[in-house]
Amino acid sequence: MTSFQDDMTGLIRFPRKTILSPVEASQYLGINKYLLFVMRVLRCGPKTISINRETLYKEDELGAFRLVLMESVGICENNGLYREKDKRTFREFHDPLISLLSRNVIKRRMVLVTLWCMVLFGLSINLILF
């Protein structure tokens with residue numbers, strides 16, 4: 001496994017795999033970096049890897065996550081508006097569809113976490129009182 005840091009983008013390259021930092025991953029997906037952070041904390045976002053205590057993302061995992069988000073609303077990425085961007089250029093790009101879908105995933109996970117917290121809190125009160 002060989003890795004090196006590219007001076008322009010900060011990518012770490014492995015044989016046949018590209019590893020992105022959280023900022024570059026958010027640019028790849030076209031969402032805000034805080035949305036990606038919240039999805040990572042709630043464990044409802046793309047899979048991460050950890051190298052030297054730094055959270056990184058694989059480019060193919062980000063592409064698969066993007067496709068899952070789009071397939072959840074019945075949109076495919078075949079030669080239309082949602083083509084894959086050039087892999088060499090990472091610029092500020094805001095994709096409103098992916099941002100909305102990401103917020104929907106976060107909202108659903110927050111509802112689920114809130115309901116589980118309510119159940120556990122109710123059970124703990126029930127055990128204390130009886």
Side-chain angles (χ1 to χ4, degrees):
M1 176 172 76
T2 61
S3 65
F4 63 90
Q5 291 267 343
D6 193 10
D7 292 333
M8 290 183 60
T9 60
L11 296 177
I12 299 173
R13 294 213 167 104
F14 292 90
R16 299 185 195 136
K17 298 195 186 234
T18 304
I19 308 298
L20 304 173
S21 70
V23 173
E24 294 164 341
S26 66
Q27 290 174 356
Y28 179 84
L29 289 174
I31 61 174
N32 192 347
K33 63 182 177 180
Y34 300 111
L35 281 176
L36 191 63
F37 174 74
V38 171
M39 284 193 292
R40 187 183 85 217
V41 168
L42 293 175
R43 296 182 182 181
C44 61
K47 293 180 183 177
T48 62
I49 60 172
S50 180
I51 299 176
N52 293 335
R53 296 184 182 177
E54 186 177 345
T55 302
L56 301 170
Y57 297 89
K58 292 184 199 174
E59 186 176 8
D60 51 347
E61 292 289 336
L62 292 171
F65 178 72
R66 181 181 175 100
L67 287 176
V68 166
L69 282 180
M70 292 173 60
E71 287 176 358
S72 69
V73 292
I75 297 174
C76 60
E77 200 171 15
N78 293 335
N79 297 328
L81 177 64
Y82 289 100
R83 290 184 299 229
E84 284 193 34
K85 297 184 293 186
D86 184 18
K87 297 180 189 224
R88 297 284 181 198
T89 59
F90 290 102
R91 58 180 185 267
E92 283 297 319
F93 175 72
H94 178 72
D95 191 352
L97 176 65
I98 299 298
S99 294
L100 286 173
L101 293 174
S102 299
R103 288 181 182 167
N104 186 28
V105 167
I106 290 170
K107 189 185 306 180
R108 287 190 343 226
R109 182 56 65 112
M110 287 298 291
V111 166
L112 184 67
V113 167
T114 303
L115 290 176
W116 273 109
C117 288
M118 290 170 64
V119 166
L120 292 176
F121 183 70
L123 287 175
S124 63
I125 291 219
N126 195 12
L127 289 174
I128 289 172
L129 292 177
F130 297 109

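FYI, the numbering just counts along the sequence from 1. For the numbers below, each heavy atom of this structure counts, side chains included, while hydrogens, waters and symmetry mates do not.
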Quiz item: What closest approach, in Å, do Arg40 and Thr55 show between heavy atoms, and which atom pair accounts for it?
Solution: CD-CG2, 3.5 Å
Quiz item: At their closest point, which heavy atom of Met70 faces which heavy atom of Ile98, and how far apart are they?
Solution: CG-CD1, 3.8 Å
Quiz item: If you look at every heavy atom in Leu35 and Ser99, which pair is closest and at what distance?
Solution: CD1-O, 4.2 Å
Quiz prompt | Nearest heavy atoms of Leu69 and Leu101, plus distance in Å | solution = O-CD1, 3.3 Å
Practice problem: Taking all heavy atoms of Pro46 and all of Glu61, pick out the closest pair and write down the distance. | Solution: CB-O, 4.3 Å
Self-check item: pair Ile49-Tyr57: side-chain heavy atoms closer than 4.5 Å
Solution: no
Practice problem: Verify the cluster assignment for Ile125 and Val119: are they in a single hydrophobic cluster under the rule of side-chain heavy atoms below 4.5 Å apart? | Solution: no
Quiz item: Just how far is it from atom CE of Met39 to atom CD1 of Ile31, taken to the nearest 0.5 Å?
Solution: 3.5 Å
Quiz prompt | Heavy-atom pair with the smallest gap, counting every atom of Ser21 and Leu56 | solution = CA-CD2, 3.8 Å
Practice problem: Report yes if some heavy atom in the side chain of Leu29 is under 4.5 Å from a heavy atom in the side chain of Asp95; otherwise report no. | Solution: no
Quiz item: Out of curiosity, Asp60 CG to Lys47 NZ, how far, rounded to the nearest 0.5 Å?
Solution: 10.5 Å
Exercise. Would you indicate whether the side-chain heavy atoms of Val113 and Arg109 approach each other to under 4.5 Å?
Key: yes
